[in-house]
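Every chain is numbered from 1 and lettered A, B, ... according to where its sequence line falls, protein lines coming before strand lines.
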There are 2 protein chains.
Amino acid sequence: MKRVRSIKTGTAETSGGGTQSIERAVGLLLEVGRADQHGARLTDLVTSSGLAKPTARRVLGALVRAGLLDQDEASRRYHLGAESYVLGMLAARRFGIHARAIDGLTRLSQTTGDTAFLSVRRDLHIVCLHREEGPFPIRSHVLQAGDRHPLGIGAGSLAVLAALPDDEVERAIAANTAIILEKYPAYSAGLLQSAVTRTRKDGYALNPGLLMKGSWGIGVAVRDPQGRPVYAISLAAIEDRLDEVRRRELIPMLKREAEKLEHLLRDAPA
Amino acid sequence: MKRVRSIKTGTAETSGGGTQSIERAVGLLLEVGRADQHGARLTDLVTSSGLAKPTARRVLGALVRAGLLDQDEASRRYHLGAESYVLGMLAARRFGIHARAIDGLTRLSQTTGDTAFLSVRRDLHIVCLHREEGPFPIRSHVLQAGDRHPLGIGAGSLAVLAALPDDEVERAIAANTAIILEKYPAYSAGLLQSAVTRTRKDGYALNPGLLMKGSWGIGVAVRDPQGRPVYAISLAAIEDRLDEVRRRELIPMLKREAEKLEHLLRDAPA
DNA sequence: GTTTATGGTCCATTATATGGACCACTCCTC
DNA sequence: GAGGAGTGGTCCATATAATGGACCATAAAC
């Protein structure tokens with residue numbers, strides 16, 4: 001009995017065997033989720049997923065019938081459906097920061113004026129769950145709810161990466177190297193390594209406009225009761241608003257909110 | 001070949017064709033969601049879904065790889081995964097009562113002492129999304145988050161049913177008759193009809209212990225901006241605490257919270 | 001009236017999921 | 001400690017169910 005349990009690397013195509021339509025379905029589901037604001041169009045989903053059109057439509061149809069997706073009668077666009085919402089609310093019992101975390105983001109964005117984010121770690125990536133805009137008029141829209149980036153890319157993501165043990169940092173960077181090379185020209189494996197070191201020294205993560213020039217971010221990790229980083233709280237603003245002086249003001253606020261969440265996670269053990 | 005389709009899912013049997021594994025996957029997903037508190041065991045999922053064991057395991061495996069489910073290394077039980085949570089948070093932008101609604105439930109349960117529920121309509125069924133317990137020491141555990149009942153079964157569910165136009169009431173009762181006969185001995189199509197009439201007259205729904213003797217409930221519907229009932233807010237308590245006198249106190253409070261939600265739904269059009 | 005987008009559908013082909021039978025392990029009981 | 005009964009997990013020959021190239025429909029643009 002050899003059966004090597006492949007702890008799959010970044011691109012998760014090596015199926016355990018015998019269920020490709022489910023993989024395709026989940027892929028499409030997440031794709032639609034990412035585009036949910038305005039809805040996802042069939043053609044776009046076809047190209048972004050690489051599936052044949054009839055296949056994509058068949059799968060989408062099944063998801064609509066199952067209630068995980070809705071299709072707008074008029075525009076024919078796909079949106080997340082009621083069942084997805086129900087599922088998420090049930091899952092929130094286990095992952096459940098939700099309501100409380102968003103309160104914290106609102107506090108942060110109101111007192112700082114900038115935009116606050118809650119992200120959740122998902123294997124070797126990070127997914128932006130919520131974006132709460134502050135009153136300051138110049139707002140970066142680089143990070144949106146639903147966006148998914150490799151660990152280390154962006155402030156919150158870097159905070160989580162740096163909070164992992166060394167071997168996992170290694171593994172994450174190695175697994176994502178190809179994607180980073182292709183999609184994040186300002187980044188590199190070496191840069192991530194030194195960014196992790198610096199983040200650990202500083203006690204917070206800084207993204208000096210590496211995703212989009214001029215759009216800076218700071219972030220801290222939120223650890224579960226076992227000490228593993230699962231969420232990140234971060235703030236984004238233009239470079240001028242994140243100089244060293246102001247960062248010294250903001251970081252304690254971020255850390256305070258992160259601690260609140262950590263306490264909530266301890267209290268709600270499922 | 002006569003494939004005997006287990007009627008488990010209630011209404012979703014007329015597949016458009018060519019995607020049965022997705023239907024199975026979603027079925028299992030919801031099944032796990034319902035049992036998420038303690039996790040779902042393979043054997044139970046096999047019997048409740050009617051699938052063959054290898055099939056169930058293959059599908060569950062695919063869902064785990066996709067991140068929609070987690071499997072506990074030690075107990076081997078299945079739980080909802082991070083990806084389900086992410087999906088739900090993204091869907092919350094469209095269905096988004098979430099945080100705010102739970103505030104309302106907390107207010108209700110604290111001031112009344114009883115247990116408050118938020119349920120969402122899902123086609124011809126209702127799904128309990130959240131249960132907020134009040135301080136009163138005798139608590140009914142008849143309705144749990146994740147539970148799914150036909151429209152009309154239970155107070156919140158009846159409130160939603162009664163808020164639908166007549167033809168849809170007809171359709172819902174007709175579609176659910178078989179399930180009701182089988183699983184809800186205290187109910188019948190005729191009883192539902194008169195319950196709807198009474199609910200409309202009274203302005204609220206009453207469940208006088210029909211699901212479980214002694215466990216009463218009252219509920220009101222929450223309508224979306226188009227006037228269609230989508231959510232229900234309800235309270236559960238023992239019979240003594242829901243007599244006519246106390247109901248006259250409680251109903252206005254329920255209605256006030258329902259209105260708040262309706263306003264929130266109007267403000268967040270998406 | 002053609003062009004070029006879109007969404008949607010058909011159906012012969014075969015790659016795909018299927019499930020009966022079986023194994024491995026653990027915890028009982030006697 | 002042999003048998004039993006409960007788990008979770010796996011094989012693999014079979015035929016079922018998903019596949020996708022080609023095609024149709026509709027709407028707007030030119």
Quick one, B:His141 and B:Glu133 - any side-chain contact, counting heavy atoms below 4.5 Å? yes
For [X], which residues count as a side chain to side chain contact (heavy atoms under 4.5 Å, CB included) partner, sequence neighbours excluded?
{"X": "A:Glu31", "result": "A:Arg34, A:Leu45, A:Ser48"}
{"X": "A:Gln71", "result": "A:Val64, A:Arg76, A:Tyr78"}
{"X": "A:Ala35", "result": "A:Ala40"}
{"X": "A:Ala186", "result": "A:Leu210"}

Can you tell me how far [atom2] of [N] sits from [atom1] of [X], to the nearest Å?
{"X": "B:Leu60", "N": "C:dA17", "atom1": "CG", "atom2": "P", "answer": "15 Å"}
{"X": "A:Tyr78", "N": "C:dT6", "atom1": "OH", "atom2": "C1'", "answer": "12 Å"}
{"X": "A:Ile22", "N": "D:dT19", "atom1": "CD1", "atom2": "P", "answer": "11 Å"}
{"X": "A:Leu28", "N": "D:dA18", "atom1": "CG", "atom2": "P", "answer": "15 Å"}
{"X": "B:Leu42", "N": "D:dG6", "atom1": "CG", "atom2": "P", "answer": "16 Å"}
{"X": "B:Arg57", "N": "C:dC22", "atom1": "CZ", "atom2": "P", "answer": "20 Å"}
{"X": "B:Arg24", "N": "C:dT16", "atom1": "CZ", "atom2": "P", "answer": "17 Å"}

Are the side chain of B:Asp72 and the backbone N or O of B:Ala74 linked by a donor-acceptor pair below 3.5 Å? yes
Please name all residues satisfying salt bridge (charged side-chain N to carboxylate O under 4.0 Å, His left out) with B:Glu168, sequence neighbours left out, ordered by chain then number.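 Result, salt bridge (charged side-chain N to carboxylate O under 4.0 Å, His left out) vs B:Glu168: B:Arg121, B:Arg171, B:Arg228.
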Minimum-distance nucleotide to B:Gln20 side chain [options: C:dA17, D:dG9, D:dG20]: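 The closest nucleotide is C:dA17.
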I want to verify a distance call: between C:dG8, D:dG9, C:dA17, whose nearest atom is closest to the A:Arg76 side chain?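 Side chain of A:Arg76 sits closest to C:dG8.
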Is the phosphate of C:dG8 approached by A:Arg41 (side-chain N or O, under 4.0 Å from OP1 or OP2)? no
If only side-chain N and O atoms of A:Arg58 are considered, is one of them under 4.0 Å from the OP1 or OP2 phosphate oxygen of D:dA17?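 Answer no for this pair, as no side-chain N or O of A:Arg58 is under 4.0 Å from OP1 or OP2.
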Start at the 5' end of DNA chain C and walk down; is the nucleotide closest to A:Ser21 or to A:Gln71 reached first? A:Gln71
Select base, sugar-phosphate, or nothing to describe what B:Arg77 touches, counting heavy atoms under 4.0 Å on all strands.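 No contact.
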For DNA chain C, find the residues of residues 49-56 of chain A with a heavy-atom distance under 4.0 Å and give them by number; none if there aren't any.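 Within this stretch, A:Lys53, A:Pro54 sit under 4.0 Å of the strand.
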